[in-house]
Amino acid sequence: MNTATAGAFACAAADWLCDHLRDEPRSVLALPTGNTPLGLYAELIERSRTGRVSFDAARVFNLDEYCGLPPSDPHSYAAFLHEHLIAPLGLAADRVRLLRGDAPDLEAECRAYDAALSDCGGIDLCVLGLGVNGHVAFNEPGSAWDLRTHVVHLSSATRAAHERQAQTSWAIPARGVTLGIKTLLESRHILLLIAGSHKKAARAAVHGGVADRNWPVTSLLAHPSLTIIELCAPAERR
Ligand code: GLP
């Protein structure tokens, strides 16, 4: 689905999530960080405040995290999700499980995260953004598609994009921890959100419709319940 304004983009994404949540209030959600979902999160908070959706029975996981950062670090994805969704929605701590990038044993953290997901019955609703180089979560170009949660080396393209976004002298960590494509593909329903005029090549890979290891987002194309919502504002069509 194409949307022409940021408002329509956020509403369409919120409709997708709220419709599913109404059908299955106990859904397990896997949620992204980044600029793309900010409008969606604001819309969900507003709908929750006005009683149009409830997250009380849902469970929330995140997709990825920088290695080495505790959740208290303002640059962490955990802090982002807390600020933009978890705290405003007032989600109970026992309904939320976020990746710990500062775990002393990251391999053990990956296995514990997989176990926590599996204990909840796996992901029902997976919302994904799109990286400038076609990454989803932190699954970088060329990476294997048969992995669950794992540690990755962040590509120079990803680090450069994040450096620009951070707009500070903060040094982007060299590694991240991410849900693997195998886990993403096991989700019952996937929503891919695409926004950003700088993502032309990644958008073209999606529209090309061919699975290509160099464009991790194309791993999603064969999923039986994939919804794509794209923001195609006039400025983004150029
Ligand atoms: C990061 C995250 C992804 C996110 C992507 C796009 O790399 N690891 O999960 O989807 O950025 O970010 P943005 O929405 O800011 O373009």
Side-chain angles (χ1 to χ4, degrees), residues 3 6 9-10 12-13 17 29-44 60-69 71 73 75-81 83-85 98-101 110 113 123 125-143 147 149-168 170-181 183-185 187 190-203 205-206 215-220 226-233 235-236:
T3 56
F9 179 69
L17 208 135
L29 315 182
L31 298 177
T33 304
N35 287 329
T36 304
L38 282 174
L40 162 66
Y41 293 161
E43 182 65 25
L44 292 176
V60 170
F61 290 77
N62 63 349
L63 300 173
D64 45 15
E65 181 58 279
Y66 290 120
C67 287
L69 298 196
D73 187 309
H75 293 293
S76 72
Y77 283 4
F80 175 98
L81 212 57
E83 178 185 346
H84 293 287
L85 193 72
L98 305 180
L99 278 160
R100 290 294 300 238
C110 291
Y113 205 68
I123 300 167
L125 308 177
C126 181
V127 182
L128 294 165
L130 176 62
V132 69
N133 59 357
H135 73 234
V136 279
F138 266 147
N139 293 278
E140 294 280 31
S143 60
L147 299 177
T149 307
H150 62 289
V151 173
V152 294
H153 285 276
L154 300 179
S155 68
S156 48
T158 297
R159 296 181 72 212
H162 289 216
E163 242 149 42
R164 271 194 302 276
Q165 263 175 11
Q167 289 179 336
T168 65
W170 179 60
I172 306 291
R175 295 186 309 155
V177 56
T178 184
L179 287 184
I181 285 177
T183 313
L184 300 180
L185 289 176
S187 305
I190 298 177
L191 174 62
L192 173 64
L193 294 176
I194 305 181
S197 52
H198 57 300
K199 298 179 186 171
K200 260 192 189 148
R203 286 182 192 237
V206 174
W215 295 98
V217 65
T218 63
S219 64
L220 310 175
L226 170 68
T227 299
I228 301 176
I229 301 178
E230 199 167 345
L231 174 57
C232 297
E236 301 206 326

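All residue numbers in this chain count up from 1 along the given sequence. Because the structure is predicted, anything quoted here is derived from the model rather than measured. Both counts, for ligands and for their atoms, begin at 1 and track the order of listing.
By the side chain to side chain contact (heavy atoms under 4.5 Å, CB included) test, Cys110 pairs with Thr149, Val151, Val177, sequence neighbours left out. For Tyr41, there are no side-chain hydrogen bond (donor to acceptor under 3.5 Å, both in side chains) partners, not counting sequence neighbours. For Ser143, there are no side-chain hydrogen bond (donor to acceptor under 3.5 Å, both in side chains) partners at least two apart in sequence or on another chain.
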Could you walk me through whether Tyr77 and Asp64 pass the side-chain contact (heavy atoms from CB on, under 4.5 Å) check?
CA-CA 7 Å; Tyr77 283 4; Asp64 45 15; 3.1 Å; yes
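Between the side chain of Arg159 and the backbone N or O of Ala171 there is no donor-acceptor pair closer than 3.5 Å.
The minimum heavy-atom distance linking Ser76 with Pro71 is given by the pair OG-O, 3.3 Å.
Protein residues lining ligand 1, listed by chain and number: Thr33, Gly34, Asn35, Thr36, Asp64, Tyr77, Gly129, Leu130, His135, Ala137, Phe138, His162, Gln165, Lys199 [non-hydrogen atoms, distance under 4.0 Å].
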